[in-house]
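Before any comments, here is the structure.
The figures here come from the full heavy-atom set of this structure, side chains too, leaving out hydrogens, waters and symmetry mates.
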Amino acid sequence: MKIVFWGKGFRSFCCLEKLLELKYDIVLVVGHDNDRRDKYSVLTLADKYKIKSINPTNPNNLETENLLKTLGADLFVLGGYGHIIKQNIIDIAKIMTINLHGGKLPDSRGSSPLNWALINGKDSVTLSIIQVDSGVDTGPVILDRSFDVKINDTIFDLHKIANKAFPE
């Protein structure tokens, strides 16, 4: 199975690292336009494994679309990728495009759902894997898993949970 992995940040790094450990065929890594190739960048990981990588300012541009079409990817995996990709890009993956979302859907659409769980005093958080469609976090949920939030948990604690759970 050929995979294009899209991401930014430590959670994304952990997910890509796990896919590489499991010997999945990552044919391209797409980072953010402002991503620095630091220790936990998916672009740095791509360099280490000699995987082609790009970090377009606009992931929906014609150049990116044309490149993606040449790869024959079965699956696009979005892990911490903040740009919205449009339907013409979503549809390039032969099987589907999935997104690893840090909240229960449809209740926790949008960015920073773990932060909002703490702000709203939730006693649990749900991590979701969804099929991407043209909306923002509106696609069907493929899998979700809930975790208790303890009284003294911080956003750091919730991110630790997500960073461990998503790669699994």
Practice prompt. Please answer: with hydrophobic residues joined when any side-chain heavy atoms are less than 4.5 Å apart, are Ile90 and Ile92 in the same cluster?
Written response: yes

Discussion item. Using 0.5 Å steps for rounding, measure from the CZ atom of Phe156 to the CG atom of Asn163.
Written reply: 9.0 Å

Practice prompt. Just grab all the ring-ring contact (aromatic ring centres under 6.0 Å, His included) pairs involving residues 94-139, residues at least two apart or on different chains.
Written response: none

Discussion item. Counting only heavy atoms from other residues, nucleotides and ligands, does the tally under 6.0 Å from OH of Tyr49 exceed 12?
Written reply: yes

Worksheet item: Does one side chain, of Thr64 or Asn61, offer a donor that lies under 3.5 Å from an acceptor on the other?
Response: yes

Worksheet item: Quick one: do Val30 and Tyr40 end up in the same hydrophobic cluster if we chain Ile, Leu, Val, Met, Phe, Trp and Tyr together by side-chain heavy atoms under 4.5 Å apart?
Response: no

Fill in: Short side-chain to backbone donor-acceptor contact, Ser12 and Gly79, under 3.5 Å
yes

Worksheet item: Only one of Asp91, Leu78, Ile130 forms a side-chain contact (heavy atoms from CB on, under 4.5 Å) with Thr97, so which one is it?
Response: Leu78

Fill in: Cluster check Leu68, Val42: I/L/V/M/F/W/Y, side chain < 4.5 angstrom
no

Worksheet, complete the sentence: dist Ile142:CD1 -> Asn99:CG (nearest 0.5 Å) comes out at 9.5 Å

Worksheet item: Step by step, would you call Asp33 with His83 a side chain to side chain donor-acceptor pair (under 3.5 Å)?
Response: CA-CA 10 Å; Asp33 53 316; His83 293 298; 3.0 Å; yes

Worksheet item: Is a donor on one side and an acceptor on the other found under 3.5 Å between the side chain of Asn60 and the backbone of Ile85?
Response: no

Worksheet entry | Partners passing salt bridge (Lys or Arg N to Asp or Glu O under 4.0 Å) against Glu168 (at least two apart in sequence or in another chain) | Arg145, Lys164

Item to complete: Identify, with sequence neighbours excluded, every residue that meets side-chain hydrogen bond (donor to acceptor under 3.5 Å, both in side chains) alongside Ser41.
Response: Asp35

Worksheet entry | Partner set under ring-ring contact (aromatic ring centres under 6.0 Å, His included) for Tyr24, not counting sequence neighbours | none

Worksheet item: What about Phe166 and Val77, same hydrophobic cluster or not, with Ile/Leu/Val/Met/Phe/Trp/Tyr joined at side-chain heavy-atom distances under 4.5 Å?
Response: yes

Scan the side chains in residues 50-57 for donor-acceptor partners under 3.5 Å anywhere in the protein, sequence neighbours excluded, and list what turns up.
from	atom 1	to	atom 2	distance (Å)
Ser53	OG	Arg37	NH2	2.9

Fill in: side-chain hydrogen bond (donor to acceptor under 3.5 Å, both in side chains) partners of residues 68-82, not counting sequence neighbours, each pair once
Glu65-Lys69

Item to complete: Of all the heavy-atom pairs spanning Val4 and Ala73, show the shortest one and how long it is.
Response: CG2-CB, 3.7 Å

Practice prompt. Report the residues that fulfil ring-ring contact (aromatic ring centres under 6.0 Å, His included) with Phe5, sequence neighbours left out, ordered by chain and then residue number.
Written response: none

Fill in: Nonpolar side-chain network containing Val136, other nodes, edges under 4.5 Å
Ile84

Worksheet item: Can you name the closest pair of heavy atoms from Asp157 and Thr154 and give their distance?
Response: OD2-N, 2.7 Å

Discussion item. According to side-chain hydrogen bond (donor to acceptor under 3.5 Å, both in side chains), who are the partners of Thr138, at least two apart in sequence or on a separate chain?
Written reply: Asp133

Practice prompt. Determine, step by step, whether Lys2 and Leu71 satisfy the side chain to side chain contact (heavy atoms under 4.5 Å, CB included) criterion, reporting the C-alpha distance in whole Å, the side-chain angles of both residues, the deciding distance to 0.1 Å, and the verdict.
Written response: CA-CA 8 Å; Lys2 293 181 178 181; Leu71 299 173; over 6 Å; no

Practice prompt. Work out which heavy atom in Met1 is nearest to a heavy atom in Leu75; give both atom names and the distance.
Written response: SD-CD2, 3.9 Å

Discussion item. With rounding to the nearest 0.5 angstrom, report the CZ to NZ distance, Phe76 to Lys94.
Written reply: 11.0 Å

Item to complete: Would you list the pairs meeting side-chain hydrogen bond (donor to acceptor under 3.5 Å, both in side chains) in which at least one residue belongs to residues 120-130, sequence neighbours left out?
Response: Thr126-Ser146

Practice prompt. Supply the atom-to-atom distance Cys15 SG to Leu45 CG, rounded to the nearest 0.5 angstrom.
Written response: 11.0 Å

Fill in: His32 versus Gly82, closest heavy-atom pair with distance
NE2-N, 2.8 Å

Practice prompt. Go through the steps for Thr44 and Asp47 under the test side chain to side chain donor-acceptor pair (under 3.5 Å), then give the verdict.
Written response: CA-CA 5 Å; Thr44 301; Asp47 291 345; 5.3 Å; no

Worksheet item: How long is the gap from SG on Cys14 to CG on Leu19, to the nearest 0.5 Å?
Response: 11.5 Å

Worksheet item: Taking a hydrophobic cluster as the set of Ile, Leu, Val, Met, Phe, Trp and Tyr residues connected by side-chain heavy atoms closer than 4.5 Å, whether directly or through intermediates, do Trp6 and Leu43 fall within one such cluster?
Response: no

Worksheet item: By side-chain contact (heavy atoms from CB on, under 4.5 Å), which residues pair with Val125, not counting sequence neighbours?
Response: Leu114, Ala117, Phe147, Val149, Leu158

Item to complete: Step by step, work out the side chain to side chain contact (heavy atoms under 4.5 Å, CB included) result for Asn152 and Lys150.
Response: CA-CA 6 Å; Asn152 292 321; Lys150 298 179 192 79; 5.9 Å; no

Worksheet item: With a 4.5 Å heavy-atom cut-off, do Leu127 and Asp144 have their side chains touching?
Response: no

Worksheet entry | Between CD1 on residue Ile129 and CD1 on residue Ile98, distance to nearest 0.5 Å | 5.5 Å

Item to complete: Report the residues that fulfil salt bridge (Lys or Arg N to Asp or Glu O under 4.0 Å) with Asp148, sequence neighbours left out, ordered by chain and then residue number.
Response: none

